[in-house]
Number of protein chains: 2
Amino acid sequence: MALSDKVTSFDIAALAGVSQPTVSRALRGDKTVSAATRLRIEAIARQLNYKVDRAASSLRKGEARTLALLFFEDPLPDDSHINPFFLSMLGSILKTCALRGYDLLTSFQQLSADWHVDYADSRKADGLILLGYGDWQLYRARVEQLVGQKTRFVRYGSVAASGGLGTVIGCDNRAGGAAVGRHLIERKRRRVAFVGEASDHYPEFRDRYRGLADALREAGLAADPGLHVDALSSEQAGFEATQRLIARGIGFDSLFAASDLIALGALRALDEAGLVVPRAVSVVGFDDIPAASLTRPPLTTVAQDYARAGAVLVDTLVRQIAGEPTDHLTLPATLVVRAST
Amino acid sequence: MALSDKVTSFDIAALAGVSQPTVSRALRGDKTVSAATRLRIEAIARQLNYKVDRAASSLRKGEARTLALLFFEDPLPDDSHINPFFLSMLGSILKTCALRGYDLLTSFQQLSADWHVDYADSRKADGLILLGYGDWQLYRARVEQLVGQKTRFVRYGSVAASGGLGTVIGCDNRAGGAAVGRHLIERKRRRVAFVGEASDHYPEFRDRYRGLADALREAGLAADPGLHVDALSSEQAGFEATQRLIARGIGFDSLFAASDLIALGALRALDEAGLVVPRAVSVVGFDDIPAASLTRPPLTTVAQDYARAGAVLVDTLVRQIAGEPTDHLTLPATLVVRAST
DNA sequence: ACCCGCTGTGAATACGTATGCCCTGCGCTG
DNA sequence: CAGCGCAGGGCATACGTATTCACAGCGGGT
């Protein structure tokens, strides 16, 4: 089957005593084929294990019935690792794709310079899903190109910083950050350090920082720039950044990490420095990756609804492919309190 | 580009003043095209952002230049979750696919009964990669069908139990289990419980159990059937199984979980029962998923080389597609000692 | 001077499906 | 009984690429 003796719609047609187009119509459910004929054809097709040839069908119909999932992460020394938060989305993305009748192509960005247009131009996929905490200023030009080419795509990111470039799905990072701030203040924390990039290169992290600042302001406090250290989203970056923070010698009683991966590194650095969590320092992350509930102590964090996010991403893209206009969507961000605060 | 004004090889041909076949030949690097002509064509193609239409190319060549990755897990109540161990392989699989010039289609099994042949028969993919800790007796029939159809595929599993069905890549589960046993004995443990299925429905788990038994036998001990409880590979299953084990009231001083997910559940159950790890009970897992180093205490486990495994799976499959014979491969399993023992 | 062979390219076609258009017959209406 | 409409299905073709075959031109050897 897979090799020499490929079954085609002509074979089915011959056996059913009809023409090839009738087979095609019957299997696609065209109403101009009588029920009797359709049933006969379906039976034969099933028996011969016939499957529509995807390449031929795509070529003729001009659609691939396939979506492409592209990960957009800053290249890390230890590559071939994907951020667990986005990996968590994979399950619901796969499931929703299957429900909608689409296949999913998956890829990294690093190896090809024109990955972003390749999938669209070569008609490998009908639309793109972009995921990742990569440097927005770096990949903005590529996203602009997608828009210019009228490629259908959705991306997970900061709705606030969408910049009119495509449809964006994201959680309410600012509200999430504010919830963290209020929670820490409630816990009598006053000196909140922030570990993570807060520039417009990383709009989601920036929004989280702004939310924290909102909450501090509400409480009559101000964010101390001396308590902000940059870090990309990796455990190692969080570890090193927290070490730099500690080395500054500016006192802090709590630490808000822009992502859980950063928080993992922060916990390690605090532990090595002999700072007990949460007694000496309360720690909060963002994302609620699976590992967050396993750390020592379990990590208070802001959960994003990755299951819903995955489904929404796919559904939005499918609607876009169908030619419908699509809107941004902001999903809720929910504080999950655990023992680290 | 993506929509109305698709660039074809005819457009390039017209601009270059040659025929369409020459364009095709030039871009595929055929030596019968003169260097001058090829360079001219390449320049024009690049300028117009031309990409070979994948569907047309596949149809003509009869190959999709695509591999399919299929997850084979027993359906869990909480689906849309993929075993983190296999997720860890995804990075290296993606990378190796890209290096070899293949795209990767990804899918779950649950939604379609004939997923296993669909990708091959419909020519969506040239070969299949099967991953998962699913019930082997359940999907064995499907694998046999793949063999019968001469579909190219590789699977990650138990080489020892390959049953002549396709090419299997796997780690040395038995040696890994033996290493665990020797390590526990060295730590003066005598009563080792095993949590996990050990039947031939789950050959990898069974091999791990056998390895443990080997080590016990070496030390003049015997595995106590009373200390074996079944569990599928999930945190919840591990939790419940460990509760059952404790309820039996048969003393044990150490616990070997057939997988890290099971071990996570075991740690939770032991914790709830007030059994301190490792003082009262030493705990060992298998797989070395990312979470293993984060548990409380960090989990001693057996690391599988998932990065290499992913690369080997892809390379083996690619060779198989090229028509070369391929062999099973057993990768090493390495004990990683952490604080749980 | 002739033929051979090589290089570079064009013409024709096949891959398998989906669809626009046309044709046939049958039942029904006036 | 003629004509009309509609259901059912065949014919031809298009999708864009890759490959086989044929062929033109040219240089060299005898």
> Start at the 5' end of DNA chain C and walk down; is the nucleotide closest to B/T37 or to A/F10 reached first?
Replying inline: B/T37
>> Between A/R54 and A/D103 (salt bridge meaning N to carboxylate O under 4.0 Å), is one present in this structure?
In response: yes
> Just to confirm, is there a sub-4.0 Å distance from OP1 or OP2 of D/dG10 to any side-chain nitrogen or oxygen of A/S19?
Replying inline: yes
> With sugar-phosphate meaning primed atoms plus P, OP1 and OP2, does A/R28 contact a base, only sugar-phosphate, or nothing at under 4.0 Å between heavy atoms?
Replying inline: sugar-phosphate
>> Base, sugar-phosphate or nothing for A/V33? Non-hydrogen atoms, less than 4.0 Å.
In response: sugar-phosphate
> Pick the nucleotide of DNA chain D nearest each of A/Q20 and B/Q20; which residue has the one closer to the 5' end?
Replying inline: A/Q20
>> Using a 4.0 Å heavy-atom cut-off, does A/S24 contact any base of the nucleic acid, only the sugar-phosphate backbone, or nothing at all?
In response: base
> With respect to the phosphate group of C/dT17, does any side-chain polar atom (N or O) of A/S58 fall under 4.0 Å of OP1 or OP2?
Replying inline: no
> Across the strands shown, which category fits B/T32 at heavy-atom distances under 4.0 angstrom: base, sugar-phosphate, nothing?
Replying inline: base
>> From C-beta outward on A/S34, which listed nucleotide comes closest to its side chain: C/dT17, D/dG9, D/dA18?
In response: D/dG9
> Please give, in whole Å, the distance from C/dG16 C1' to A/L48 CG?
Replying inline: 16 Å
> Rounded to whole angstroms, how far apart are CG on A/L27 and C1' on D/dG9?
Replying inline: 15 Å
> For the side chain of B/R25 and the base of C/dG10, is some donor closer than 3.5 Å to an acceptor across the two?
Replying inline: yes
> Using 30° and 60° as the class limits, which term best fits the ring planes of A/F86 and A/Y133: parallel, tilted or perpendicular?
Replying inline: perpendicular
> Does A/L59 or B/V18 map to a spot on DNA chain C nearer the 5' end, using the closest nucleotide for each?
Replying inline: B/V18
> In Å, rounded to the nearest 0.5 Å, how long is the span from OG1 of A/T151 to CD of A/Q320?
Replying inline: 10.0 Å
> Whole Å only: how far is the CG atom of A/D53 from the P atom of D/dC15?
Replying inline: 18 Å
>> So, does A/S9 get its side chain near the phosphate of C/dG16, meaning an N or O under 4.0 Å from OP1 or OP2?
In response: no
> Any side-chain N or O of B/S57 less than 4.0 Å from the OP1 or OP2 oxygen of D/dA18?
Replying inline: yes
> Rounding to a whole Å, what distance do you find between B/K6:NZ and D/dA14:P?
Replying inline: 19 Å
>> Without decimals, in angstroms, what is the distance between B/R60 CZ and C/dT17 C1'?
In response: 16 Å
> NZ of A/K124 versus C1' of D/dG16: gap in Å, rounded?
Replying inline: 16 Å
>> Regarding A/D53 and A/K6, does a basic nitrogen lie under 4.0 Å from an acidic carboxylate oxygen?
In response: yes
> Hey, which of these two, B/A56 or A/P21, hits DNA chain D nearer its 5' end, going by closest nucleotide?
Replying inline: A/P21
> Do B/R38 side-chain and C/dG8 base share a donor-acceptor contact under 3.5 Å?
Replying inline: no
>> Among B/L67, B/V143, B/I129, which residue satisfies the side-chain contact (heavy atoms from CB on, under 4.5 Å) criterion with B/F153?
In response: B/V143
